[in-house]
Amino acid sequence: MKKDNLELRIFVCFVLTILYVQYALLANNNKLLEVGDEPKQESVSVLRGFEVRIVNDYTNERLELTETLGEALSYIEEYREHHEDLIAFDISTGAQVGSSIDGNGVIYSETVTNSQ
């Protein structure tokens, strides 16, 4: 009889725990969205700026984040003597905008040329 009582108590505790969790989830959902309220729109932030990465056969690592293209190119200019594999990317578009390849700090355009 005691064994049956223990199993019954464990089962009741289990059911109460599940009911409590469901109640807590329901209560949190109601706090987020009260009756008559419109669903809240989450703002989407646009990433801006530039990143300088070292890209070669061994690594592809972000070295610097900058707010302007000029700062990114200055970073490349400063370290191009030590690295020929620095590349600047526009974070918002993912486009490559600068490089230290051949030590030139070339700025690339995003225009597409059609060859016929």
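- Phe14 places a side-chain heavy atom less than 4.5 Å from the side chain of Ile18.
- Ile54 and Ile87 sit in two unconnected hydrophobic clusters of ILVMFWY residues. Membership requires side-chain heavy atoms under 4.5 Å apart, directly or through other members.
- Note on Phe11 and Leu19: same hydrophobic cluster, where clusters join Ile, Leu, Val, Met, Phe, Trp and Tyr whose side-chain heavy atoms are under 4.5 Å apart, directly or indirectly.
- Nearest heavy atoms, Gly94 versus Phe89: O-CD2, 3.6 Å.
- In this structure, the separation between CZ on Arg48 and OG1 on Thr68 is 14.0 Å, given to the nearest 0.5 Å.
- Here OH of Tyr79 is found 14.5 Å from CG of Asp85. Values are rounded to the nearest 0.5 Å.
- Residues Arg80 and Leu86 come closest through the heavy atom pair N-CD1, 4.4 Å.
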Run Val55 and Asn60 through side chain to side chain contact (heavy atoms under 4.5 Å, CB included) and show every step you take. CA-CA 4 Å; Val55 180; Asn60 182 355; 3.6 Å; yes

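- Atom CG of Leu69 sits about 4.5 Å away from atom CZ of Phe50, to the nearest 0.5 Å.
- Taking every heavy atom of both residues into account, Glu51 and Ile91 meet most closely at N-CG1, 4.0 Å.
- Closest of all the heavy-atom pairs between Ile76 and Ser100 is CG2-CB, 3.5 Å.
- Among all heavy-atom pairs drawn from Val52 and Tyr75, the shortest one is CG1-CD2, 3.6 Å.
- A continuous path of Ile, Leu, Val, Met, Phe, Trp and Tyr side chains, each step under 4.5 Å between heavy atoms, connects Leu73 with Val97, placing both in one hydrophobic cluster.
- Among residues two or more places apart in sequence or in another chain, the salt bridge (Lys or Arg N to Asp or Glu O under 4.0 Å) test is passed with Glu64 by none.
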